Protein chains: 2
Amino acid sequence: MIANTGVSYGVAVATSDAIERTLGAIRDQGGRVTDQRRAILRVLFERSDHVSVDDLVARVHDRLPDVHVTTVYRFLETLAQMGLVTHVHVGHGPAVYHLNDRRHAHIVCNACGIIEIIDEAMMGQWSVELERSLGFSLVDQHFALAGRCGRCRTG
Amino acid sequence: MIANTGVSYGVAVATSDAIERTLGAIRDQGGRVTDQRRAILRVLFERSDHVSVDDLVARVHDRLPDVHVTTVYRFLETLAQMGLVTHVHVGHGPAVYHLNDRRHAHIVCNACGIIEIIDEAMMGQWSVELERSLGFSLVDQHFALAGRCGRCRTG
DNA sequence: AACTTATCGCAACCCATTTGCAGTAAGTCA
DNA sequence: TGACTTACTGCAAATGGGTTGCGATAAGTT
């Protein structure tokens, strides 16, 4: 709460609402609401970009220092099964997780590591081209494309 | 040699030539030619598609049963530094290696695991599109795209 | 308050790959 | 040919991301 004062009140409330709604959904399906889960969700919702499990754990520890990595992995798995989060591999390192708001693919800059979103329409178009030439259609991309961002190319 | 009789004599000779030429290049740069290396190259050249290290080791063992995985990893790394092989990740499992003949990207079928080649031209076109929309250009893809092949889609 | 069982923390494990090290042998040179 | 240097090898152990088994804890229910 207090850590949230940099953000506008409305946004903070919306975030809390979203968290509570998610926890409600978990309870509805027979799951249990714990401090650990609330803390993990808070980090995910406050910082919904692409977070590695280690980052996530570190940020959860700001509030709840004893949460174990395993707990995070298991809860992320639960959220994934609920369709709320997905993970992407952006290279050889650990996977990164994000809220599953919209369907998209990722491109990561080889040089600086920044991750950008490739929207569904463009991927759809590529899928059509691939279907014509190879018979393959594209499915949800679990691995990011590698590229080079404008800044790193010109810098 | 004998294992090669299914293939035309000319091809077998060409393969042997390519292997000896590679070994020569290794010697030229101060490297050493060993039975292990010759056997590994033979497998790579005879079956230059996308082989995992485990497959590679298994096939090397047909000739030389005591070659260690570590040796294979290390020699592949050497060949990679010479620009002769690359590896791609086709999913969560082990990487697959192939001779670095032509530049290309890979798409792997989610269902049956078959790997197809996406040619440079198509990738180049995508890169141009990405550059226009996000400022990113595509570089060599270390991870395969995920898709579904025609057979698995209709079957 | 008693009870059921989902979740937790921990330790141990799995898999692909890497590293340290002592022994072997490839290439070189007398 | 034999001595010599050092690249390469095999093995064991480590690394890193992630998963699993299990007894203890605590959320939700009666």
Side-chain angles (χ1 to χ4, degrees), chain A residues 19-20 22-41 50-58 60-61 63-82 85-97 142-144, chain B residues 19-20 22-41 50-58 60-61 63-82 85-97 108 113 142-144:
Chain A
I19 293 173
E20 293 311 316
T22 307
L23 291 172
I26 288 170
R27 203 150 17 208
D28 287 351
Q29 58 168 30
R32 291 183 183 171
V33 171
T34 63
D35 289 353
Q36 291 91 328
R37 291 181 159 195
R38 203 185 302 273
I40 293 167
L41 281 178
H50 305 81
V51 209
S52 73
V53 168
D54 273 5
D55 292 351
L56 193 38
V57 168
V60 165
H61 281 182
R63 288 165 178 276
L64 234 52
D66 289 328
V67 178
H68 201 273
V69 226
T70 310
T71 302
V72 173
Y73 274 111
R74 280 196 271 229
F75 186 41
L76 285 170
E77 173 60 24
T78 304
L79 292 172
Q81 276 171 11
M82 296 174 67
V85 301
T86 5
H87 67 271
V88 208
H89 299 271
V90 290
H92 280 160
V96 296
Y97 290 74
H142 216 60
F143 288 83
Chain B
I19 293 172
E20 293 311 315
T22 306
L23 291 172
I26 288 168
R27 201 144 28 204
D28 288 350
Q29 60 169 26
R32 288 179 186 176
V33 171
T34 63
D35 289 354
Q36 290 91 328
R37 292 182 157 194
R38 203 184 304 271
I40 293 167
L41 282 177
H50 305 83
V51 209
S52 73
V53 168
D54 273 6
D55 290 352
L56 193 38
V57 168
V60 165
H61 282 182
R63 289 164 178 276
L64 236 51
D66 290 330
V67 178
H68 201 273
V69 225
T70 310
T71 302
V72 173
Y73 273 110
R74 279 196 272 231
F75 187 41
L76 285 171
E77 172 60 23
T78 305
L79 292 172
Q81 277 171 12
M82 295 173 70
V85 301
T86 5
H87 67 272
V88 208
H89 299 270
V90 289
H92 281 161
V96 296
Y97 290 75
V108 55
H142 216 59
F143 289 83

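This structure is a prediction, so every number in the text was calculated from the model and none was measured. Order of the sequence lines sets the chain letters (A, B, ...), proteins ahead of strands, with each chain counted from 1. Just so it is clear, the values below take in all heavy atoms, side chains as well, and ignore hydrogens, waters and symmetry mates.
Using a 4.5 Å heavy-atom cutoff, the side chains of A:Thr78 and A:Ile26 are not in contact. When side chains are defined from C-beta on, B:Leu76 counts as touching B:Leu56, because their heavy atoms get closer than 4.5 Å. For the pair A:Val96 and A:Asp55, the minimum side-chain heavy-atom distance is 4.5 Å or more.
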Which parts of nucleotides 25-30 of chain D does protein reach within less than 4.0 Å, heavy atoms only, written one letter per nucleotide 5' to 3' as B for base, S for sugar-phosphate only and - for none?
-> -BBS--
List the protein contact pattern of nucleotides 12-23 of chain C with one symbol per nucleotide (5' to 3'): B for base contact, S for sugar-phosphate-only contact, - for none; contact means a heavy-atom distance under 4.0 Å.
-> ----SSBBB---
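Judged by distance alone, the side chain of B:Arg27 and the main-chain N or O of B:Val33 form no donor-acceptor pair under 3.5 Å. Judged by distance alone, with hydrogens and angles left aside, the side-chain atoms of B:Arg37 form a donor-acceptor pair with the main-chain N or O of B:Arg32 at under 3.5 Å.
The CD-P distance, from B:Gln81 to D:dA7, rounds to 14 Å in whole Å. Across the protein-nucleic acid pair, A:Arg38 atom CZ and C:dC8 atom P stand 12 Å apart, rounded to whole Å. Computed from coordinates, the A:Ile26 CD1 to C:dT7 C1' distance equals 12 Å when rounded to whole Å. Atom pair A:Leu56:CG and D:dG18:C1' shows a separation of 15 Å (rounding to whole Å applied). In this structure, A:Phe75 atom CZ and D:dG18 atom P are separated by 18 Å, rounded to whole Å. Going from atom CG of B:Leu23 over to atom C1' of C:dG27 covers 14 Å, rounded to whole Å.
Put simply, the residue from A:His92, A:His142, A:His89 that forms a ring pair (Phe, Tyr, Trp, His ring centres under 6.0 Å) with B:His89 is A:His92.
Distances shown here put every side-chain N or O of A:Gln29 at or beyond 4.0 Å from the OP1 or OP2 atom of C:dA6.
Ring centers of B:His87 and B:His50: at least 6.0 Å apart, outside the cut-off.
Residues passing the side-chain contact (heavy atoms from CB on, under 4.5 Å) test with B:Glu77, sequence neighbours excluded: B:Gln81.
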